[in-house]
There are 2 protein chains.
Amino acid sequence: MAVVFSRACEYALRGLIVMAKAKDREVWRVPDVAEESNSPAPFLAKTFQQLVKGGILNSSKGRRGGFSFARPIDEIFLIDIVNILDGQRLTYDCALGMPDCHDENPCPFHVHWRRIRQPLIDALSEESLAQMAKK
Amino acid sequence: MAVVFSRACEYALRGLIVMAKAKDREVWRVPDVAEESNSPAPFLAKTFQQLVKGGILNSSKGRRGGFSFARPIDEIFLIDIVNILDGQRLTYDCALGMPDCHDENPCPFHVHWRRIRQPLIDALSEESLAQMAKK
DNA sequence: ACAAAAAAAGACAAAAGTATCTAAAAGTCC
DNA sequence: GGACTTTTAGATACTTTTGTCTTTTTTTGT
Ligand code: SF4
Ligand code: SF4
């Protein structure tokens, strides 16, 4: 088990940060992103396809093809990426794994998880790839 | 992938909360805990064995045997359970999955993860099973 | 002593997640 | 048009986690 994000999400975040940091370069081939972000290229390629479907990336085939951002990077927030790759797991699901329990008649742990999850959601929602690239 | 804890940890937390809530009962058989916490009994048994090794639970075999707390439940904190079952993953490892990188020359995400992880560690460190049982 | 009950230990099975490989489709450049 | 490059799609393999099953060991109660 990874720490908080799935491996796919970890690789994607690392890769997208690399891409966002390179102001001069627009289009990236998967092998280049993979090398720069220390990710396995074939696996990263799969997750980039998901990000294309999710509207984060554009892709183009052929000689000068590759992946590029589908919109300005100050309009791409970390939560967008996490939502596409890891779903609502981190932002909605019960931390104790109960399938059909939310808010009504909460168990003792509920209030804690709420207090922890909300700042996480806030941070992911407020931070854009553009801001990540600056630091 | 579970939300933040492994399944083993989810089941353990749920089970221990059930046990802590029952002030009248000291010794619990695994099948009873499993039923009360909606966990698979054989799997829960395995994780309880880990908690015995970790010093959280005592176990006794035979007719009136079962599991009981190894120390007062106001001295058992959630972080103790998480540390035994999930290791340092949540409290120390890099959220982006980089193996050998901590604090020195941090990447753009580092500061965010620190700001999120610390409240999590604090909450888990401050909350005891006794407090969990009250609510 | 004996039978029953419980945890302990280990083997095993199933599922999910991660990673690689191959062939196909589409675009670029000459 | 043809060679080449890149994504896309699908198949496949590996690994880890999760879950089950069986046997053994220990204790209790009769
Ligand atoms: S009340 Fe407890 S079991 Fe229900 S969603 Fe909240 S943490 Fe999960
Ligand atoms: S600096 Fe970035 S890569 Fe390094 S431990 Fe922190 S979050 Fe992980």
Side-chain angles (χ1 to χ4, degrees), chain A residues 1-15 19 25-35 37-54 56-70 84-87 89-90 93 96-97 99, chain B residues 1-15 19 25-35 37-54 56-70 84-87 89-90 93 96-97 99:
Chain A
M1 190 182 178
V3 178
V4 275
F5 309 119
S6 67
R7 283 265 179 259
C9 196
E10 288 181 355
Y11 296 149
L13 286 171
R14 274 149 52 177
M19 287 170 64
R25 184 166 180 183
E26 280 220 350
V27 178
W28 286 77
R29 300 180 328 124
V30 163
D32 293 343
V33 181
E35 181 168 18
S37 61
N38 290 297
S39 313
F43 190 56
L44 183 64
K46 293 284 189 195
T47 85
F48 267 24
Q49 288 172 28
Q50 289 183 260
L51 294 179
V52 170
K53 283 177 192 156
I56 302 286
L57 293 177
N58 282 332
S59 68
S60 55
K61 296 177 180 175
R63 191 107 196 197
R64 297 217 52 97
F67 292 91
S68 55
F69 291 110
I84 291 169
L85 297 176
D86 287 352
R89 181 170 74 67
L90 214 49
D93 289 355
L96 296 187
Chain B
M1 191 181 177
V3 178
V4 273
F5 309 119
S6 67
R7 283 266 179 260
C9 196
E10 287 181 357
Y11 296 149
L13 286 171
R14 273 149 53 178
M19 288 169 63
R25 184 165 181 185
E26 280 221 350
V27 178
W28 286 77
R29 300 179 328 122
V30 162
D32 293 343
V33 181
E35 181 167 18
S37 61
N38 290 297
S39 313
F43 191 56
L44 183 64
K46 294 281 189 197
T47 85
F48 267 24
Q49 289 173 27
Q50 290 183 259
L51 293 179
V52 170
K53 284 177 193 157
I56 302 286
L57 293 177
N58 282 332
S59 67
S60 55
K61 297 177 177 176
R63 192 105 194 201
R64 298 217 52 96
F67 291 91
S68 55
F69 291 110
I84 291 169
L85 297 176
D86 287 352
R89 183 171 72 68
L90 214 50
D93 289 355
L96 296 187

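Predicted model, so just to flag it, every value in this text is computed and none were measured. Chain naming here is simple, since letters A, B, ... match the order of the sequence lines and numbering starts at 1 in each.
Within the 4.0 angstrom heavy-atom criterion, only backbone atoms of the sugar-phosphate kind lie near Phe67(A); the bases stay farther away. Counting any heavy atom pair closer than 4.0 Å across all strands shown, Pro40(B) reaches sugar-phosphate atoms only and no base atom.
Near-neighbour residues of DNA chain D inside residues 27-34 of chain B, defined by a heavy atom below 4.0 Å, are absent.
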For a quick test of your reading: what N or O donor-acceptor pairs under 3.5 Å do the side chains of residues 38-51 of chain B make, sequence neighbours left out?
| from | atom 1 | to | atom 2 | distance (Å) |
| --- | --- | --- | --- | --- |
| Ser39(B) | OG | Ser37(B) | O | 3.3 |
| Ser39(B) | OG | Ser37(B) | OG | 3.0 |
| Thr47(B) | OG1 | Leu44(B) | O | 3.1 |

Under 3.5 Å, sequence neighbours excluded: what are the donor-acceptor pairs made by side chains of residues 4-12 of chain A?
| from | atom 1 | to | atom 2 | distance (Å) |
| --- | --- | --- | --- | --- |
| Ser6(A) | OG | Cys9(A) | N | 3.2 |
| Ser6(A) | OG | Asp86(A) | OD1 | 2.5 |
| Arg7(A) | NH1 | Glu10(A) | OE1 | 2.7 |

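Residue pairs meeting the side chain to side chain donor-acceptor pair (under 3.5 Å) criterion with at least one partner in residues 58-70 of chain A, sequence neighbours excluded, do not occur; the list is empty. Sequence neighbours left out, the pairs with a member in residues 25-34 of chain B that pass salt bridge (Lys or Arg N to Asp or Glu O under 4.0 Å) are Arg25(B)-Asp32(B), Arg29(B)-Asp32(B).
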Could you go over nucleotides 26-30 of chain D and give all protein N or O partners under 3.5 Å, atom names and distances?
| from | atom 1 | to | atom 2 | distance (Å) |
| --- | --- | --- | --- | --- |
| dT26(D) | O4' | Lys61(B) | NZ | 3.4 |
| dT27(D) | O2 | Arg63(B) | N | 3.4 |
| dT28(D) | O4' | Arg63(B) | N | 3.3 |

Could you list all N or O pairs between the protein and nucleotides 16-18 of chain C that sit under 3.5 Å apart?
| from | atom 1 | to | atom 2 | distance (Å) |
| --- | --- | --- | --- | --- |
| dG17(C) | OP1 | Met1(B) | N | 2.4 |
| dT18(C) | OP1 | Arg7(A) | N | 3.1 |

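Asp93(B) meets the side chain to side chain donor-acceptor pair (under 3.5 Å) test with Gln88(B); sequence neighbours excluded. When the side chain to side chain donor-acceptor pair (under 3.5 Å) test is applied to Arg14(B), no partner is found at least two apart in sequence or on another chain.
Phe48(A) places its CZ atom 14 Å from the C1' atom of dT6(D), with the value rounded to the nearest Å. To the nearest angstrom, C1' of dT8(D) lies 15 Å from CG of Leu57(A). With rounding to whole Å, Leu51(A) atom CG is found 14 Å from dT7(D) atom P. At whole-Å resolution of the value, CG in Asn58(A) and P in dG27(C) are 13 Å apart. Here dA19(C) presents its P atom at 11 Å from CG of Leu44(A), a figure rounded to the nearest Å. Atom-to-atom, CD of Gln49(B) to P of dA7(C) comes out at 9 Å; the value is rounded to the nearest Å.
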Could you run down nucleotides 10-15 of chain C 5' to 3' and tag each one B, S or - for protein heavy-atom contact under 4.0 Å? B-----
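Only one option out of Leu57(A), Ile56(A), Val27(A) pairs with Phe67(A) in a side-chain contact (heavy atoms from CB on, under 4.5 Å); it is Leu57(A).
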